[in-house]
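Presented below is the structure to which this report refers.
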Amino acid sequence: MLQAFFHAWERRLASVTTDRVVRPFEWGLEWIENGHPSSAPPEEILETRVSRVMSDTDAFFAAPPTTDYHFQVQDDGSGRLTFPSALVTPHPDNNTVRCSFFPARDRNALKGVPYDSQRVGDDGNDRGTARDVGDGLQAVPKRQGRAAVLVMPQWNADPGGHVGLCRLLAWNGISALRLSLPYHDDRMPPELHRADYIVSANIARTVQICRQAVLDARRGIAWLASQGYDRIGILGTSLGSCLALLTSAHEPLVQAAALNHISPQFADVVWRGLSTDHVRKGLDGHIELDLLRTLWKPISPQWYLERLRSKKILLVYAKYDLTFPVDLSEDLVRAFKDRGIPHEVAVLRCGHYSTGKAPFKFVDGWVLTRFLKRALLSGS
């Protein structure tokens with residue numbers, strides 16, 4: 001009875017969105033760097049590329065450092081951080097990464113720690129420097145707590161998505177940097193009204209834009225480290241969870257990852273998920289699932305689990321999920337267990353969309369925050 005109730009509720013919640021577009025299938029060879037041989041069939045070109053990528057994923061997900069960070073304090077005490085993406089796309093709006101920063105509250109007062117660009121205060125304490133965040137801009141005080149989390153919201157999250165969770169983290173002593181995913185929020189070009197380019201029936205583009213998200217996350221984490229944070233975690237939900245895992249697997253500064261809605265395979269979620277039915281329609285008749293799994297291997301969590309062995313990992317999934325089918329989530333948990341990789345598991349008694357509804361959103365927020373507090377603040 002509970003399953004039937006939640007499945008019906010999930011379908012009603014999904015049906016609220018009426019602007020999904022079935023886009024045509026494309027191999028997306030124009031998204032491959034350095035061109036491609038025109039004589040070979042497109043699937044062979046992409047399979048060759050995937051083999052090359054998987055032989056050195058450190059190179060594929062490497063984010064060249066930048067000092068071109070710009071930070072502005074907002075009236076509510078939060079901050080706005082922008083910097084150039086390490087992967088340039090044909091859409092200029094998408095090539096500037098935009099983040100919102102929520103500083104941890106002072107543990108000795110019920111208020112946020114103020115920003116101060118002055119290097120040394122009247123009390124002689126180091127308060128950070130503006131040199132790493134752009135001329136004349138204020139930096140996050142380095143004397144304030146050392147724990148921070150990069151937050152990667154779900155696919156098609158609006159600008160307010162996960163802001164409440166970021167404020168909850170800040171209230172619990174952990175600064176939060178919310179990253180707008182590629183083609184989301186102000187990064188969306190005029191021709192889009194949904195973030196279709198990060199997950200679509202364009203095979204190579206989907207890989208490249210998910211890769212871009214990882215590179216953006218790594219540059220965001222580098223900024224946190226430059227501000228004196230030495231206990232850094234990452235939190236991702238749904239698509240953001242997949243991207244957070246890929247980031248954790250390639251970014252040594254990440255010590256803890258809270259992965260909210262999980263699957264070992266990117267392709268299977270798109271093929272079977274409720275939220276991606278329109279993408280599946282674009283794929284049907286052009287590609288089989290086995291080949292799709294192969295071509296989307298670089299962005300599938302299954303291939304990076306051993307890289308997480310030294311990190312603190314929380315795996316969260318929903319018992320009645322139709323978007324990330326529960327058997328896929330259980331497969332990933334089983335893969336962690338079979339490999340003996342340390343992890344924690346939390347199962348939400350709801351579905352994917354209903355995770356964002358009361359009371360389940362409060363339970364989820366509490367589970368994620370409790371884990372990150374233990375992982376990053378214990379012993380501080």
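Index from 1, following the sequence.
With respect to the salt-bridge test (charged N to carboxylate O, under 4.0 angstrom), the residues Arg272 and Asp277 do not qualify. Ion pairing of Arg219 with Asp216 is absent here, as no side-chain N (NZ or NE/NH1/NH2) approaches a carboxylate O to less than 4.0 Å. Using a cutoff of 4.0 Å between basic side-chain nitrogens and carboxylate oxygens, Asp185 and Arg98 are not scored as salt-bridged. Salt bridge Arg146/Asp230: present, at least one basic N to carboxylate O contact under 4.0 Å. Arg374 and Glu344 are joined by a salt bridge, as a carboxylate oxygen and a charged side-chain nitrogen come within less than 4.0 angstrom of each other. A salt bridge does not link Asp364 to Lys357: none of the charged side-chain nitrogens sits closer than 4.0 Å to a carboxylate oxygen.
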Start with the C-alpha distance between Asp327 and Arg334, add both sets of side-chain angles, then the distance that settles salt bridge (charged side-chain N to carboxylate O under 4.0 Å, His left out), and finish with yes or no. CA-CA 10 Å; Asp327 61 297; Arg334 190 176 303 109; over 6 Å; no
I would like to know whether Ser175 and Tyr229 meet side-chain hydrogen bond (donor to acceptor under 3.5 Å, both in side chains); could you show each step before the answer? CA-CA 9 Å; Ser175 295; Tyr229 292 99; 3.0 Å; yes
side-chain hydrogen bond (donor to acceptor under 3.5 Å, both in side chains), that's the test. Do Asp321 and Ser329 meet it? Break it down for me. CA-CA 9 Å; Asp321 199 332; Ser329 300; 5.5 Å; no
The test is salt bridge (charged side-chain N to carboxylate O under 4.0 Å, His left out); show your working for Arg205 and Asp196 and say whether it passes. CA-CA 10 Å; Arg205 183 177 64 196; Asp196 285 352; over 6 Å; no
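Using a 4.5 Å heavy-atom cutoff, the side chains of Leu165 and Leu235 are in contact. Between Val270 and Leu283 the shortest side-chain heavy-atom distance falls below 4.5 Å. The side-chain heavy atoms of Leu295 and Val207, taken from C-beta on, include no pair separated by under 4.5 Å. Glu10 is listed as a side-chain neighbour of Ser354, based on a closest heavy-atom distance under 4.5 Å. With a 4.5 Å cut-off on side-chain heavy atoms, Pro84 and Thr96 do not count as touching.
A tilted orientation is assigned to the rings of Phe5 and Trp9, their planes being inclined by 30° to 60°. Ring geometry for Phe324 versus His352: interplanar angle under 30°, hence parallel rather than tilted (30 to 60°). Between His250 and Phe61, the ring-plane angle classifies as tilted under the 30° and 60° cut-offs. Below 30°, between 30° and 60°, or above 60°: for Phe360 and Phe6 the angle between ring planes is above 60°, a perpendicular geometry. Ring geometry for Tyr69 versus Trp223: interplanar angle of 30 to 60°, hence tilted.
For the residue pair Asp68 / Thr66, no side-chain donor-acceptor distance below 3.5 Å is found, with atom types taken as modelled. Using modelled atom types and a 3.5 Å distance limit, the side chains of Thr89 and Gln212 yield no donor-acceptor pair.
Only one option out of Asn260, Thr247, Leu177, Thr237 pairs with Met152 in a side-chain contact (heavy atoms from CB on, under 4.5 Å); it is Thr247.
The hydrophobic clustering, which links ILVMFWY residues whose side-chain heavy atoms are closer than 4.5 Å, places Leu308 and Tyr317 together. When hydrophobic clusters are built by joining Ile, Leu, Val, Met, Phe, Trp and Tyr residues whose side-chain heavy atoms come closer than 4.5 Å, directly or via intermediates, Val326 is grouped together with Phe336. Hydrophobic clustering (ILVMFWY, side-chain heavy atoms < 4.5 Å, transitive): Leu328 and Leu292 are in distinct clusters. Residues Leu13 and Trp155 are members of separate hydrophobic clusters, defined by side-chain heavy-atom contacts under 4.5 angstrom among Ile, Leu, Val, Met, Phe, Trp and Tyr. Following chains of ILVMFWY side-chain contacts shorter than 4.5 Å, one cannot reach Val279 starting from Leu322, and the two form parts of different hydrophobic clusters.
A ring-centre distance under 6.0 Å is found for Tyr183 and His91. Aromatic ring centroids of Tyr197 and Trp31 lie 6.0 Å or more apart.
For Glu43, the CD atom sits in a packed shell: over 12 heavy atoms of surrounding residues, nucleotides or ligands are nearer than 6.0 Å. Within a 6.0 Å sphere centred on CG of Asp75, other residues, nucleotides and ligands contribute 12 heavy atoms or fewer.
At least one cation-pi condition fails for Arg293 and Trp271: the charged atom is not both under 6.0 angstrom from the six-membered ring centre and inside a 45 degree cone around its axis.
Remark: side-chain polar atoms of Thr206 are not paired, donor with acceptor, to backbone N or O of Val199 under 3.5 angstrom.
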